[in-house]
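The residues of the chain are indexed from 1 along the displayed sequence.
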Amino acid sequence: MAQLNFGGTLENVVTREEFPLDKAREILKNDTIAIIGYGVQGPGQALNLRDNGFNVIIGQRPDTHSWNKALKDGFVPGKTLFPIEEAAAKGTIVQYLLSDAAQIAVWPQLKPHLTAGKALYFSHGFGITYKERTGIIPPSDIDVILAAPKGSGTSLRRMFLAGKGLNSSYAIFQDATGKARDRVIALGIGIGSGYLFETDFKKEVYSDLTGERGTLMGAIQGIFEAQYNVLRKNGHSPSEAFNETVEELTESLMPLVAENGMDWMYANCSTTAQRGALDWKNKFRDAVAPVFDELYKSVAAGVEAQRSIDTNSQPDYRAKLDEELTTLRESEMWQAGKVVRSLRPKI
């Protein structure tokens, strides 16, 4: 484990150099990794592990979209693709990658197959952190571990195929065998992590729920809408408003920030942009800071978790979700975005 300085704070991280793939394979050479769920994170993690030489099987409800996707990805019924309970029984490491709501629903069927010495793996701390609400209380004689890629399963797979890695956090909730740390680091390396940083289940879910509702999705969409609407109200065309609000950010600026940092971006833009950005950043920070404080308190109090549990368990949840997403998709801003994307030069 390396200790690195992050802006004056020392953190423990694990890199591929100190924990190479060959070491990960050796640690898990006798394990069968059963990936339960083939929806959001399942495909990326399963395919990366398989390509890296690990023994991977899939557990998924038969005759579903996700079952058929696993078939297309080369998993074979009766050999590497099984119904959920059968895969859980066969696996020595059970990667529980269903949605949070589905984890709650399937838990009574899964738990009997978590026998002594196995490992239960999560990529989200939700089920364990809010176990009094979810009912997900693991047996005491198994390892309970987490490796959480900081991005979607699609991004994890794309970066793996490009020879890159998506950073992941890791945590140990329960070490029944004395092997939990080796197991979780080996899995983190196996799924294609760039590096792994240490956390715990509670911090992972608190930061994740805050990020999703904040700068990763909720806040950024709100900011997009606010700026786009102001430009449109003041006579700017949809194309101009979208390009100045979204396209320039995502296609030009953010890739450079990802490569070099925001300080580099400030140093390499026009003096007019520099001055304006420096003058206005504090106003935006101070305006949204109370909202983030409110958000974090809501996450820590379990309000966000309970709302997710309550809404996602409703029988008409999917229909209501589709309505909300349709409204978003059909808004003028994202219809303009669809046109703008179609006009990008084809290489």
Side-chain angles (χ1 to χ4, degrees), residues 39-41 44 149-159 161-162 164 166-167 194 207-292 294-296 299 304 320-347:
V40 178
Q41 279 289 336
K150 297 299 104 179
S152 69
T154 300
S155 297
L156 183 73
R157 182 60 176 167
R158 286 177 177 173
M159 293 185 75
L161 293 174
K164 302 177 182 179
L166 193 64
N167 300 329
S207 62
D208 190 70
L209 293 183
T210 300
E212 290 168 348
R213 287 150 179 76
T215 60
L216 300 180
M217 294 178 67
I220 197 68
Q221 173 62 21
I223 291 170
F224 283 165
E225 288 181 12
Q227 179 170 306
Y228 181 90
N229 290 342
V230 165
L231 291 173
R232 290 289 288 126
K233 184 174 65 177
N234 284 278
H236 297 269
S237 69
S239 180
E240 185 168 53
F242 187 85
N243 273 281
E244 291 294 343
T245 299
V246 179
E247 188 76 353
E248 184 174 354
L249 174 71
T250 57
E251 289 297 293
S252 175
L253 302 185
M254 281 298 105
L256 293 175
V257 172
E259 290 176 15
N260 304 298
M262 186 62 83
D263 56 328
W264 183 94
M265 178 59 66
Y266 273 54
N268 286 274
C269 63
S270 72
T271 55
T272 302
Q274 285 174 351
R275 186 68 268 140
L278 289 167
D279 288 346
W280 279 87
K281 74 175 182 67
N282 291 355
K283 290 187 178 183
F284 281 107
R285 180 198 64 203
D286 295 344
V288 302
V291 181
F292 277 99
E294 179 186 352
L295 168 57
Y296 193 85
V299 169
E304 297 303 309
K320 290 181 177 177
L321 175 64
D322 288 343
E323 287 180 14
E324 291 183 273
L325 295 180
T326 297
T327 299
L328 184 64
R329 182 173 59 251
E330 294 181 353
S331 67
E332 184 193 87
M333 181 172 71
W334 289 111
Q335 287 299 303
K338 183 177 181 181
V339 176
V340 169
R341 290 192 296 274
S342 74
L343 296 172
R344 290 175 187 164
K346 304 295 189 295
I347 300 175

Between G214 and F292, the two heavy atoms sitting closest are CA-CE2, 3.8 Å
With rounding to the nearest 0.5 Å, note down the distance linking [atom1] in [X] to [atom2] in [Y].
X: T250; Y: R341; atom1: OG1; atom2: CZ; answer: 9.0 Å
X: L161; Y: L156; atom1: CG; atom2: CG; answer: 9.5 Å
X: N268; Y: L253; atom1: CG; atom2: CG; answer: 11.5 Å
X: S252; Y: M265; atom1: OG; atom2: CE; answer: 6.5 Å
X: R275; Y: C269; atom1: CZ; atom2: SG; answer: 11.0 Å
X: L166; Y: R157; atom1: CG; atom2: CZ; answer: 13.5 Å

When you compare the side chain of [Y] with that of [X], does any pair of heavy atoms fall below 4.5 Å?
X: E251; Y: R344; answer: yes
X: M262; Y: V257; answer: yes
X: F224; Y: Q221; answer: yes
X: V339; Y: L343; answer: yes
X: L209; Y: E212; answer: yes
X: L231; Y: E240; answer: no

Indicate yes or no for a side-chain donor-acceptor contact from [X] to the backbone of [Y] under 3.5 Å, with no hydrogens or angles considered.
X: R213; Y: M217; value: no
X: Q41; Y: P149; value: no
X: T210; Y: S207; value: no
X: T327; Y: E323; value: yes

More than 12 heavy atoms of other residues, nucleotides or ligands under 6.0 Å from [atom1] of [X]: is that the case?
X: E259; atom1: CD; result: yes
X: Y266; atom1: OH; result: yes
X: M254; atom1: CE; result: yes

side-chain contact (heavy atoms from CB on, under 4.5 Å) evaluation trace for E225 with L328: CA-CA 10 Å; E225 288 181 12; L328 184 64; 4.2 Å; yes
Where do R329 and T326 land on the side-chain hydrogen bond (donor to acceptor under 3.5 Å, both in side chains) test, with the steps shown first? CA-CA 5 Å; R329 182 173 59 251; T326 297; 3.2 Å; yes
Determine whether Y228 and E332 satisfy the following criterion, side-chain contact (heavy atoms from CB on, under 4.5 Å), listing intermediate values before the conclusion. CA-CA 10 Å; Y228 181 90; E332 184 193 87; 2.5 Å; yes
side-chain contact (heavy atoms from CB on, under 4.5 Å) assessment of M333 paired with Q227: CA-CA 11 Å; M333 181 172 71; Q227 179 170 306; over 6 Å; no
